[in-house]
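Structure first, then comments.
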There are 2 protein chains.
Amino acid sequence: MARIKILSNSNRKEIILKNAAALFRKRGYKAASVRELAERLDIEAPSLYNHFRSKAELLKKICFSTMVDFTGHIDMVVASKESNVKKTEALIRFHIQKMYNDFDFVYVANHEWKHLPKEDLELFLSQRKEYERRMIEIIIEGINKKEFRKSHPQITVLTILSAVRGLEFWQRHKKELSITELEDHMVHHLINGIIQ
Amino acid sequence: MARIKILSNSNRKEIILKNAAALFRKRGYKAASVRELAERLDIEAPSLYNHFRSKAELLKKICFSTMVDFTGHIDMVVASKESNVKKTEALIRFHIQKMYNDFDFVYVANHEWKHLPKEDLELFLSQRKEYERRMIEIIIEGINKKEFRKSHPQITVLTILSAVRGLEFWQRHKKELSITELEDHMVHHLINGIIQ
DNA sequence: CCTACCGATCGGTAGG
DNA sequence: CCTACCGATCGGTAGG
């Protein structure tokens with residue numbers, strides 16, 4: 001009985017979080033109101049506070065749960081024995097897939113992090129920086145091993161991350177473009193641009 | 001006398017607009033308050049309304065003045081007799097330069113357009129779509145003339161536009177990276193990825 | 001999960 | 001360009 005209650009509570013939390021992500025994406029964190037979120041869930045605004053301490057906590061959960069997914073993935077990639085080309089490709093593909101599967105979360109993490117409370121904001125940015133640093137490492141190693149032609153690794157990573165991030169616009173083309181089509185073309189463009 | 005007054009008024013307007021762009025970029029349109037903007041300008045909030053009808057009008061001016069610059073540039077590029085490779089390169093370089101010279105305006109146009117009043121929003125999106133369409137045309141022609149290898153032109157343009165847009169992050173690296181260095185590396189990466 | 005409600009802040013106006 | 005001020009809306013609390 002207690003077990004069931006816990007499960008249903010955490011389900012409820014997840015539902016709220018998903019709705020918050022969708023709303024924050026559509027309207028922006030500041031423009032989205034707690035009342036609007038409550039309306040989506042068919043409850044009154046104050047009822048939300050039984051599940052979350054504040055509006056900011058919702059944003060925090062959205063941003064950091066997304067960050068954890070990316071961090072966890074790059075852990076795996078770095079630990080793998082693949083070539084640096086393959087590693088880079090794996091990172092690109094993961095970004096594209098995340099954008100496809102968890103669009104609202106990724107979008108909010110990308111766009112609304114600036115509204116995080118100060119300490120969370122600093123933690124978030126340092127984790128993002130660390131992710132970037134590890135990706136740069138892969139490019140550098142790839143250059144040293146002659147897998148990639150010589151380039152400015154920092155700019156290369158910036159270019160790749162920006163390109164995949166831009167997939168948020170592709171929502172508009174969703175019907176016309178399949179995910180695999182998109183993945184393959186983008187991977188080719190970005191990898192072709194840097195290999196020997 | 002009247003002439004001087006007009007000049008000084010339009011200067012004043014420009015100063016307000018630049019400050020608005022800087023503020024909207026830093027805090028986001030919704031989070032930025034009219035009072036905050038007034039404070040930057042060392043006047044009281046209601047005084048702003050002698051220059052602008054509403055907060056939304058400021059956003060509108062920022063978004064559309066930026067859009068006009070890009071539209072004007074692609075007009076020139078399309079009219080030129082250069083190869084499609086050169087045309088694509090020119091577009092990429094212009095994006096990078098705009099990001100460098102008018103960062104606040106470009107950033108706000110990229111991020112805050114969703115807060116435009118409905119009709120302005122629709123006009124803005126249709127102009128952006130048109131810009132994209134013309135860029136796709138250049139890629140298609142380049143493929144037909146065997147300047148570019150075969151690819152999905154829509155994804156190619158999406159990749160390029162996303163990559164240059166991502167330069168907003170590079171603000172963090174401004175000291176380490178020169179504009180020309182950045183331009184050349186990014187142009188190489190993106191063009192190398194698609195040429196024959 | 002709801003009703004009732006609060007202080008703070010918002011964009012904007014009137015009138016000078 | 002300012003003072004004085006307004007209605008609307010915000011995130012959040014008390015108490016059940």
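In this text the structure is predicted, and so the values were computed from the model without any measurement. In what follows, every chain begins at residue 1, and chains take the letters A, B, ... in the order their sequences are listed.
DNA chain D is contacted by both A/N50 and A/Y29; A/Y29 maps to the nucleotide lying nearer its 5′ end (nearest heavy atom per residue). Between A/K30 and B/S47, the residue anchored closer to the 5' end of DNA chain D is B/S47, taking for each the nucleotide with the nearest heavy atom. If B/E36 and A/I43 are placed on DNA chain C by their nearest nucleotide, the residue sitting closer to the 5' end is A/I43. Between B/Y49 and A/R35, the residue anchored nearer the 5' end of DNA chain C, judged by the nucleotide with its closest heavy atom, is A/R35.
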Bracket notation of DNA chain C in which parentheses pair within the strand, [ ] cross earlier pairs, and | pairs with another strand (Watson-Crick or G-U, under 3.5 Å): ||||||||||||||||

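Note on A/A32: only backbone sugar-phosphate atoms sit closer than 4.0 angstrom, heavy atoms only; bases stay farther off.
Within a 6.0 Å radius of NZ in A/K87, more than 12 heavy atoms belonging to other residues, nucleotides or ligands are found.
When only modelled atom types and interatomic distance are considered, B/S162 and A/S162 share no side-chain donor-acceptor pair under 3.5 Å. Side-chain polar atoms of A/E183 and A/Q97 form a donor-acceptor pair below 3.5 angstrom.
Nearest approach of A/K30 to B/A31, heavy atoms of both residues: CG-CB, 3.5 Å.
First and last contacting nucleotides of DNA chain C toward chain B (any atom under 4.0 angstrom from a heavy atom, 5' to 3' order): C/dC10 to C/dT13.
Listed by first then second residue, pairs satisfying salt bridge (Lys or Arg N to Asp or Glu O under 4.0 Å) with a partner in residues 94-114 of chain A read A/R25-A/D104, A/D69-A/K98, A/K98-A/D102, not counting sequence neighbours.
A/E57 places a side-chain N or O within 3.5 Å of a backbone atom of A/R53 that can act as its donor or acceptor partner. In terms of modelled atom types and a separation under 3.5 Å, the side chain of A/S80 and the main chain of A/V77 share a donor-acceptor contact.
Residues A/R165 and B/F169 have side chains in contact (heavy-atom distance under 4.5 Å, counting atoms from C-beta outward).
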